[in-house]
Amino acid sequence: MKAIKYILFLLLIAIIGTAIYVAVQPNSFEVTRTRTIKAPVTVIYNNVIDYKNWEAWSSWAESDPDMIITLSDQTKGIGGSYSWEDKDGIGTMKTLEAVPNKSIKQTLQFAEFPSSDIDWTFTPNEDGSTDATWTISGKDLPFDFKAFAAFSGGMEKQIGPHYERSLEKLDSIIAVDMKTYSIEINGMTEHSGGYYLYNTTSCKITELKTKMVESLSKVGHYAMTNKVPMAGAPYTFYHKWDEKNNAVMYSACVPTTEKVISTDGDILTGQLESFKAIKTTLKGDYENLKETWDSVMKYIPEHGHEFAENGPMLEVYLTDPQSTPNPADWVTEIYIAVK
(Lines give C-alpha, C1' and ligand atoms only; values in the text may rest on other atoms or scores of the structure.)
Protein backbone atom coordinates (compact mmCIF):
# COMPACT_ATOMS: atom_id res chain seq x y z
CA MET A 1 0.00 0.00 0.00
CA LYS A 2 2.87 2.31 0.88
CA ALA A 3 4.42 1.59 -2.51
CA ILE A 4 1.22 2.65 -4.30
CA LYS A 5 1.04 5.86 -2.28
CA TYR A 6 4.69 6.53 -3.06
CA ILE A 7 4.11 6.01 -6.77
CA LEU A 8 1.04 8.27 -6.73
CA PHE A 9 3.04 10.89 -4.85
CA LEU A 10 5.81 10.78 -7.45
CA LEU A 11 3.24 10.95 -10.23
CA LEU A 12 1.66 14.00 -8.64
CA ILE A 13 5.03 15.66 -8.34
CA ALA A 14 5.72 14.90 -12.04
CA ILE A 15 2.36 16.37 -13.06
CA ILE A 16 2.92 19.49 -10.98
CA GLY A 17 6.45 19.83 -12.30
CA THR A 18 5.29 19.46 -15.87
CA ALA A 19 2.54 22.02 -15.34
CA ILE A 20 5.04 24.48 -13.89
CA TYR A 21 7.43 23.83 -16.77
CA VAL A 22 4.69 24.52 -19.32
CA ALA A 23 3.39 27.54 -17.42
CA VAL A 24 6.77 29.28 -17.44
CA GLN A 25 7.18 28.86 -21.20
CA PRO A 26 7.05 32.15 -23.20
CA ASN A 27 3.59 33.57 -23.85
CA SER A 28 4.58 34.47 -27.38
CA PHE A 29 6.64 33.12 -30.26
CA GLU A 30 8.15 34.31 -33.52
CA VAL A 31 9.79 32.39 -36.35
CA THR A 32 11.30 34.21 -39.32
CA ARG A 33 13.32 33.27 -42.38
CA THR A 34 14.81 35.35 -45.22
CA ARG A 35 15.96 34.21 -48.64
CA THR A 36 17.59 36.27 -51.38
CA ILE A 37 15.88 35.41 -54.67
CA LYS A 38 17.37 36.44 -58.01
CA ALA A 39 14.19 38.00 -59.38
CA PRO A 40 12.53 41.42 -59.47
CA VAL A 41 10.45 42.21 -56.40
CA THR A 42 7.24 42.43 -58.47
CA VAL A 43 7.63 38.87 -59.74
CA ILE A 44 7.99 37.48 -56.21
CA TYR A 45 5.19 39.60 -54.76
CA ASN A 46 2.79 38.60 -57.56
CA ASN A 47 3.41 34.93 -56.78
CA VAL A 48 3.02 35.18 -53.01
CA ILE A 49 -0.07 37.42 -53.05
CA ASP A 50 -2.10 34.71 -54.83
CA TYR A 51 -2.84 31.57 -52.78
CA LYS A 52 -3.38 29.48 -55.90
CA ASN A 53 0.43 29.46 -56.25
CA TRP A 54 1.16 28.29 -52.71
CA GLU A 55 0.66 24.56 -53.13
CA ALA A 56 3.49 24.43 -55.69
CA TRP A 57 6.10 25.69 -53.20
CA SER A 58 4.61 24.73 -49.82
CA SER A 59 6.90 22.42 -47.84
CA TRP A 60 3.90 21.15 -45.88
CA ALA A 61 2.12 20.12 -49.11
CA GLU A 62 5.33 18.50 -50.34
CA SER A 63 5.75 16.43 -47.17
CA ASP A 64 2.07 15.40 -46.96
CA PRO A 65 0.66 14.29 -50.35
CA ASP A 66 -2.65 13.46 -48.64
CA MET A 67 -3.23 17.08 -47.62
CA ILE A 68 -6.47 18.46 -49.07
CA ILE A 69 -6.22 22.09 -50.19
CA THR A 70 -9.36 24.11 -50.94
CA LEU A 71 -9.15 27.46 -52.72
CA SER A 72 -11.78 30.12 -52.06
CA ASP A 73 -13.51 32.11 -54.80
CA GLN A 74 -10.98 34.88 -54.16
CA THR A 75 -7.37 33.81 -53.77
CA LYS A 76 -5.53 37.01 -54.66
CA GLY A 77 -5.08 40.26 -52.76
CA ILE A 78 -6.78 41.60 -49.64
CA GLY A 79 -9.59 39.25 -48.65
CA GLY A 80 -8.08 36.31 -50.51
CA SER A 81 -8.03 33.02 -48.60
CA TYR A 82 -7.62 29.27 -48.75
CA SER A 83 -7.91 26.30 -46.41
CA TRP A 84 -6.34 22.89 -45.97
CA GLU A 85 -6.97 19.69 -44.09
CA ASP A 86 -4.37 17.17 -42.94
CA LYS A 87 -4.06 14.51 -40.26
CA ASP A 88 -3.64 17.17 -37.57
CA GLY A 89 -6.72 19.22 -38.39
CA ILE A 90 -8.10 22.02 -40.54
CA GLY A 91 -6.35 25.32 -41.18
CA THR A 92 -7.25 28.56 -42.93
CA MET A 93 -5.19 31.50 -44.16
CA LYS A 94 -6.49 34.96 -45.10
CA THR A 95 -4.83 38.13 -46.40
CA LEU A 96 -5.61 41.20 -44.30
CA GLU A 97 -3.32 43.88 -45.73
CA ALA A 98 -1.05 44.27 -48.73
CA VAL A 99 1.26 46.98 -50.00
CA PRO A 100 2.19 46.02 -53.59
CA ASN A 101 5.82 44.93 -53.93
CA LYS A 102 6.55 45.77 -50.28
CA SER A 103 4.61 43.78 -47.70
CA ILE A 104 1.72 41.37 -46.99
CA LYS A 105 -0.10 40.73 -43.69
CA GLN A 106 -2.08 37.54 -43.21
CA THR A 107 -3.76 35.60 -40.42
CA LEU A 108 -3.54 31.85 -39.88
CA GLN A 109 -5.99 29.73 -37.90
CA PHE A 110 -5.17 26.05 -37.37
CA ALA A 111 -7.32 23.51 -35.52
CA GLU A 112 -8.22 24.77 -32.03
CA PHE A 113 -5.02 26.74 -31.58
CA PRO A 114 -5.11 30.55 -31.36
CA SER A 115 -4.63 32.49 -34.59
CA SER A 116 -1.15 33.54 -35.68
CA ASP A 117 0.07 36.59 -37.58
CA ILE A 118 1.90 36.09 -40.87
CA ASP A 119 4.08 38.87 -42.28
CA TRP A 120 5.94 39.08 -45.58
CA THR A 121 8.37 41.84 -46.51
CA PHE A 122 10.09 42.23 -49.87
CA THR A 123 13.30 44.27 -50.15
CA PRO A 124 14.81 44.85 -53.62
CA ASN A 125 18.60 44.86 -53.95
CA GLU A 126 20.79 46.85 -56.32
CA ASP A 127 21.79 43.72 -58.25
CA GLY A 128 18.16 43.02 -59.21
CA SER A 129 17.59 40.33 -56.57
CA THR A 130 15.04 40.55 -53.74
CA ASP A 131 15.19 39.64 -50.05
CA ALA A 132 11.94 37.84 -49.19
CA THR A 133 11.31 37.67 -45.44
CA TRP A 134 8.56 35.42 -44.04
CA THR A 135 7.54 35.66 -40.37
CA ILE A 136 4.95 33.94 -38.20
CA SER A 137 4.19 35.14 -34.68
CA GLY A 138 1.68 34.62 -31.88
CA LYS A 139 1.01 36.08 -28.44
CA ASP A 140 -1.12 35.50 -25.32
CA LEU A 141 -0.66 31.77 -25.81
CA PRO A 142 -2.95 29.47 -23.80
CA PHE A 143 -1.64 26.60 -21.67
CA ASP A 144 -2.46 23.84 -24.20
CA PHE A 145 -0.65 25.67 -27.00
CA LYS A 146 2.44 26.16 -24.84
CA ALA A 147 2.29 22.47 -23.90
CA PHE A 148 2.18 21.47 -27.56
CA ALA A 149 5.11 23.77 -28.39
CA ALA A 150 7.16 22.63 -25.40
CA PHE A 151 6.85 18.89 -26.09
CA SER A 152 7.19 19.14 -29.88
CA GLY A 153 10.55 20.89 -29.73
CA GLY A 154 9.30 24.46 -29.96
CA MET A 155 7.86 26.52 -32.81
CA GLU A 156 11.31 27.22 -34.21
CA LYS A 157 11.87 23.50 -34.75
CA GLN A 158 8.32 22.92 -36.00
CA ILE A 159 8.13 25.79 -38.48
CA GLY A 160 11.68 26.94 -39.28
CA PRO A 161 12.68 24.04 -41.57
CA HIS A 162 9.35 24.28 -43.43
CA TYR A 163 9.88 27.99 -44.04
CA GLU A 164 13.40 27.36 -45.31
CA ARG A 165 12.27 24.61 -47.69
CA SER A 166 9.26 26.59 -48.92
CA LEU A 167 11.38 29.65 -49.72
CA GLU A 168 13.89 27.42 -51.49
CA LYS A 169 11.10 25.95 -53.63
CA LEU A 170 9.64 29.42 -54.29
CA ASP A 171 13.08 30.53 -55.51
CA SER A 172 13.37 27.54 -57.87
CA ILE A 173 9.85 27.92 -59.27
CA ILE A 174 10.32 31.62 -59.99
CA ALA A 175 13.70 30.96 -61.64
CA VAL A 176 12.13 28.38 -63.97
CA ASP A 177 9.12 30.58 -64.68
CA MET A 178 11.30 33.54 -65.66
CA LYS A 179 13.15 31.38 -68.18
CA THR A 180 9.96 30.14 -69.88
CA TYR A 181 9.79 31.21 -73.53
CA SER A 182 8.17 30.32 -76.83
CA ILE A 183 9.03 31.04 -80.46
CA GLU A 184 6.29 31.18 -83.09
CA ILE A 185 6.98 31.75 -86.78
CA ASN A 186 3.77 33.47 -87.84
CA GLY A 187 4.59 33.37 -91.56
CA MET A 188 4.07 35.85 -94.39
CA THR A 189 2.69 39.30 -93.59
CA GLU A 190 2.72 42.86 -94.88
CA HIS A 191 4.55 45.41 -92.76
CA SER A 192 2.91 48.81 -93.19
CA GLY A 193 6.14 50.81 -92.81
CA GLY A 194 5.86 54.47 -91.80
CA TYR A 195 7.90 57.39 -90.46
CA TYR A 196 10.32 56.95 -87.59
CA LEU A 197 12.96 58.74 -85.54
CA TYR A 198 16.26 56.93 -85.28
CA ASN A 199 19.82 56.93 -84.02
CA THR A 200 22.37 54.75 -85.85
CA THR A 201 25.19 53.00 -84.01
CA SER A 202 28.03 50.61 -84.88
CA CYS A 203 29.53 48.41 -82.19
CA LYS A 204 30.79 44.95 -81.36
CA ILE A 205 28.11 42.28 -81.16
CA THR A 206 29.25 41.55 -77.62
CA GLU A 207 28.46 45.19 -76.71
CA LEU A 208 25.05 45.21 -78.39
CA LYS A 209 22.91 44.68 -75.30
CA THR A 210 24.36 47.68 -73.48
CA LYS A 211 24.54 49.91 -76.56
CA MET A 212 20.98 49.03 -77.55
CA VAL A 213 19.58 50.22 -74.23
CA GLU A 214 21.50 53.50 -74.56
CA SER A 215 20.35 54.08 -78.15
CA LEU A 216 16.68 53.29 -77.56
CA SER A 217 16.66 55.41 -74.40
CA LYS A 218 18.14 58.34 -76.30
CA VAL A 219 15.57 58.24 -79.11
CA GLY A 220 12.68 57.57 -76.73
CA HIS A 221 13.74 60.45 -74.46
CA TYR A 222 13.86 62.82 -77.44
CA ALA A 223 10.38 61.79 -78.55
CA MET A 224 8.87 62.22 -75.08
CA THR A 225 10.69 65.50 -74.35
CA ASN A 226 9.47 66.98 -77.62
CA LYS A 227 6.00 65.45 -77.27
CA VAL A 228 6.31 63.54 -80.54
CA PRO A 229 3.25 61.27 -81.05
CA MET A 230 4.42 57.66 -81.30
CA ALA A 231 2.81 55.30 -83.79
CA GLY A 232 3.75 52.04 -82.09
CA ALA A 233 6.40 50.13 -80.18
CA PRO A 234 10.13 50.98 -80.48
CA TYR A 235 12.24 48.73 -82.67
CA THR A 236 15.73 48.00 -83.93
CA PHE A 237 16.51 48.23 -87.65
CA TYR A 238 19.53 46.01 -88.36
CA HIS A 239 21.77 47.13 -91.25
CA LYS A 240 24.76 44.84 -90.79
CA TRP A 241 25.47 41.71 -88.76
CA ASP A 242 28.99 40.27 -89.09
CA GLU A 243 29.65 37.50 -86.56
CA LYS A 244 33.05 36.73 -88.10
CA ASN A 245 34.32 40.20 -87.24
CA ASN A 246 32.09 40.68 -84.17
CA ALA A 247 30.49 43.76 -85.74
CA VAL A 248 26.93 45.07 -85.96
CA MET A 249 25.38 48.27 -87.29
CA TYR A 250 21.83 49.13 -86.34
CA SER A 251 19.35 51.96 -85.85
CA ALA A 252 17.30 52.36 -82.68
CA CYS A 253 13.91 53.57 -83.87
CA VAL A 254 10.68 55.06 -82.56
CA PRO A 255 7.76 55.04 -85.05
CA THR A 256 5.95 58.37 -85.45
CA THR A 257 2.53 59.30 -86.80
CA GLU A 258 4.05 61.83 -89.23
CA LYS A 259 7.38 63.10 -90.51
CA VAL A 260 9.27 64.86 -87.73
CA ILE A 261 12.03 67.42 -88.30
CA SER A 262 14.56 66.69 -85.59
CA THR A 263 16.48 69.44 -83.79
CA ASP A 264 19.12 66.98 -82.53
CA GLY A 265 21.95 66.13 -84.90
CA ASP A 266 22.13 62.56 -83.53
CA ILE A 267 18.39 61.94 -84.01
CA LEU A 268 17.27 61.65 -87.63
CA THR A 269 13.99 61.02 -89.44
CA GLY A 270 13.43 58.06 -91.75
CA GLN A 271 10.60 56.43 -93.63
CA LEU A 272 9.96 52.74 -94.21
CA GLU A 273 8.02 51.76 -97.28
CA SER A 274 5.61 48.88 -96.76
CA PHE A 275 7.20 45.48 -97.40
CA LYS A 276 6.44 41.78 -97.42
CA ALA A 277 8.00 39.98 -94.48
CA ILE A 278 8.17 36.78 -92.54
CA LYS A 279 6.97 37.58 -89.05
CA THR A 280 8.17 35.73 -85.94
CA THR A 281 7.08 36.24 -82.32
CA LEU A 282 9.19 35.56 -79.24
CA LYS A 283 7.49 35.50 -75.87
CA GLY A 284 10.23 35.45 -73.26
CA ASP A 285 13.58 36.91 -72.26
CA TYR A 286 15.68 38.76 -74.82
CA GLU A 287 18.43 36.19 -74.23
CA ASN A 288 16.37 33.92 -76.51
CA LEU A 289 16.52 36.34 -79.44
CA LYS A 290 19.50 34.62 -81.05
CA GLU A 291 17.62 31.31 -81.17
CA THR A 292 14.60 33.17 -82.57
CA TRP A 293 16.64 34.78 -85.35
CA ASP A 294 18.38 31.47 -86.14
CA SER A 295 14.98 29.75 -86.40
CA VAL A 296 13.44 32.23 -88.82
CA MET A 297 16.61 32.57 -90.94
CA LYS A 298 16.51 28.79 -91.39
CA TYR A 299 12.74 28.79 -91.98
CA ILE A 300 12.79 31.28 -94.88
CA PRO A 301 14.80 29.26 -97.45
CA GLU A 302 13.37 25.94 -96.24
CA HIS A 303 9.85 27.16 -97.06
CA GLY A 304 10.66 28.50 -100.51
CA HIS A 305 11.04 32.18 -99.66
CA GLU A 306 13.85 34.47 -100.80
CA PHE A 307 15.42 37.23 -98.74
CA ALA A 308 14.80 40.69 -100.20
CA GLU A 309 18.16 42.21 -101.12
CA ASN A 310 18.93 45.00 -98.63
CA GLY A 311 15.42 44.54 -97.24
CA PRO A 312 14.54 45.66 -93.71
CA MET A 313 15.16 43.40 -90.75
CA LEU A 314 13.31 44.67 -87.69
CA GLU A 315 13.13 43.66 -84.03
CA VAL A 316 10.04 45.22 -82.42
CA TYR A 317 9.71 45.42 -78.60
CA LEU A 318 6.02 45.26 -77.71
CA THR A 319 6.66 45.04 -73.96
CA ASP A 320 8.35 47.56 -71.67
CA PRO A 321 10.51 45.67 -69.12
CA GLN A 322 10.00 48.52 -66.66
CA SER A 323 6.26 47.87 -66.46
CA THR A 324 6.49 44.11 -67.12
CA PRO A 325 9.28 42.83 -64.85
CA ASN A 326 8.89 39.10 -65.58
CA PRO A 327 10.96 38.27 -68.71
CA ALA A 328 8.62 35.36 -69.43
CA ASP A 329 5.96 37.95 -70.35
CA TRP A 330 8.08 40.03 -72.72
CA VAL A 331 6.89 39.97 -76.35
CA THR A 332 9.19 40.71 -79.29
CA GLU A 333 8.31 40.56 -82.99
CA ILE A 334 10.83 40.06 -85.80
CA TYR A 335 10.14 41.09 -89.40
CA ILE A 336 12.49 39.96 -92.17
CA ALA A 337 11.81 41.30 -95.67
CA VAL A 338 11.33 38.70 -98.42
CA LYS A 339 10.67 38.91 -102.14
Side-chain angles (χ1 to χ4, degrees), residues 183 185-186 189-226 228 230-256 258-282 284-301 305-321 327 330-339:
I183 298 171
I185 299 179
N186 308 104
T189 189
E190 183 83 16
H191 192 286
S192 59
Y195 290 106
Y196 60 96
L197 291 174
Y198 70 96
N199 169 256
T200 300
T201 304
S202 295
C203 67
K204 296 179 179 179
I205 294 176
T206 50
E207 300 172 338
L208 179 60
K209 185 176 180 179
T210 301
K211 295 291 185 181
M212 183 79 71
V213 173
E214 294 175 359
S215 301
L216 285 171
S217 296
K218 186 173 184 178
V219 180
H221 178 73
Y222 179 88
M224 288 188 292
T225 301
N226 292 276
V228 176
M230 300 184 191
Y235 61 90
T236 298
F237 188 152
Y238 287 101
H239 306 294
K240 176 185 177 182
W241 186 277
D242 185 354
E243 290 193 5
K244 183 177 180 180
N245 295 299
N246 190 27
V248 59
M249 183 170 72
Y250 67 92
S251 294
C253 309
V254 170
T256 59
E258 58 186 8
K259 186 175 182 179
V260 177
I261 304 301
S262 173
T263 58
D264 186 329
D266 291 332
I267 307 294
L268 304 175
T269 298
Q271 182 181 14
L272 268 179
E273 299 294 336
S274 61
F275 63 94
K276 292 185 182 298
I278 298 298
K279 174 185 174 183
T280 304
T281 302
L282 165 67
D285 200 324
Y286 298 144
E287 67 182 18
N288 301 298
L289 278 168
K290 185 180 187 307
E291 180 182 344
T292 306
W293 277 95
D294 289 344
S295 297
V296 67
M297 295 298 278
K298 182 179 179 181
Y299 170 93
I300 289 174
H305 303 293
E306 292 184 58
F307 294 99
E309 188 174 355
N310 299 320
M313 293 188 176
L314 311 182
E315 195 172 85
V316 185
Y317 314 107
L318 300 186
T319 313
D320 179 3
W330 296 350
V331 179
T332 308
E333 294 179 344
I334 291 175
Y335 294 86
I336 298 179
V338 294
K339 293 181 181 179

Q.
One pair to check against side-chain contact (heavy atoms from CB on, under 4.5 Å): Lys298 and Asp294. What are the steps and the verdict?
A. CA-CA 6 Å; Lys298 182 179 179 181; Asp294 289 344; over 6 Å; no

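- Of the residues listed (Thr319, Leu289, Val316), the one engaging Thr332 in a side chain to side chain contact (heavy atoms under 4.5 Å, CB included) is Leu289, and it is the only one.
- In this structure, the side chain to side chain contact (heavy atoms under 4.5 Å, CB included) partners of Asp242, at least two apart in sequence or on a different chain, are Lys240, Lys244, Asn245, Ala247.
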Q: Could you walk me through whether Val219 and Tyr198 pass side-chain contact (heavy atoms from CB on, under 4.5 Å), step by step?
A: CA-CA 6 Å; Val219 180; Tyr198 70 96; 5.7 Å; no

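- Note that CD1 of Ile300 and OG1 of Thr280 are 7.0 Å apart. Values are rounded to the nearest 0.5 Å.
- Residues meeting the side-chain hydrogen bond (donor to acceptor under 3.5 Å, both in side chains) test with Glu243, sequence neighbours left out: Trp241.
- By the side-chain hydrogen bond (donor to acceptor under 3.5 Å, both in side chains) test, Thr210 is found to be paired with no residue, residues two or more places apart in sequence or in another chain being considered.
- Pairs of residues two or more places apart, or lying in two chains, that qualify as salt bridge (Lys or Arg N to Asp or Glu O under 4.0 Å) and include a residue from residues 215-225 are Lys218-Asp266.
- The SG atom of Cys203 sits 14.0 Å away from the NZ atom of Lys209 when rounded to the nearest 0.5 Å.
- A search for salt bridge (charged side-chain N to carboxylate O under 4.0 Å, His left out) contacts involving Asp264 returns nothing, not counting sequence neighbours.
- Here the side chain of Ser262 pairs no donor or acceptor atom with the backbone of Leu268 at under 3.5 angstrom.
- Put simply, CD on Glu333 and CG on Leu282 are 10.5 Å apart, with the number rounded to the nearest 0.5 Å.
- Tyr317 meets the ring-ring contact (aromatic ring centres under 6.0 Å, His included) test with Tyr286; sequence neighbours excluded.
- In terms of the salt bridge (charged side-chain N to carboxylate O under 4.0 Å, His left out) criterion, residue partners of Glu306 (sequence neighbours excluded) are, by chain and number, Lys339.
- Between His191 and Phe275, the angle of the ring planes stays under 30°, which puts this pair in the parallel group of the 30/60° scheme.
- By the side chain to side chain contact (heavy atoms under 4.5 Å, CB included) test, Val213 pairs with Ser217, sequence neighbours left out.
- Of all heavy-atom pairs spanning Tyr196 and Leu272, the tightest one is CE2-N, 3.7 Å.
- Scored by the side chain to side chain contact (heavy atoms under 4.5 Å, CB included) test, Lys259 finds Tyr195, Ile261, Thr269 as partners (sequence neighbours excluded).
- Contacts of Ser251 classified as side-chain hydrogen bond (donor to acceptor under 3.5 Å, both in side chains), with partners at least two apart in sequence or in another chain: Thr200, His239.
- Residue pairs meeting the salt bridge (Lys or Arg N to Asp or Glu O under 4.0 Å) criterion with at least one partner in residues 308-319, sequence neighbours excluded, are absent.
- Residues Pro312 and Tyr335 are not in side-chain contact: their nearest non-hydrogen atoms beyond the backbone lie 4.5 Å or more apart.
- Scanning for side-chain hydrogen bond (donor to acceptor under 3.5 Å, both in side chains) contacts around Thr201 gives Asn199, Ser215, with sequence neighbours left out.
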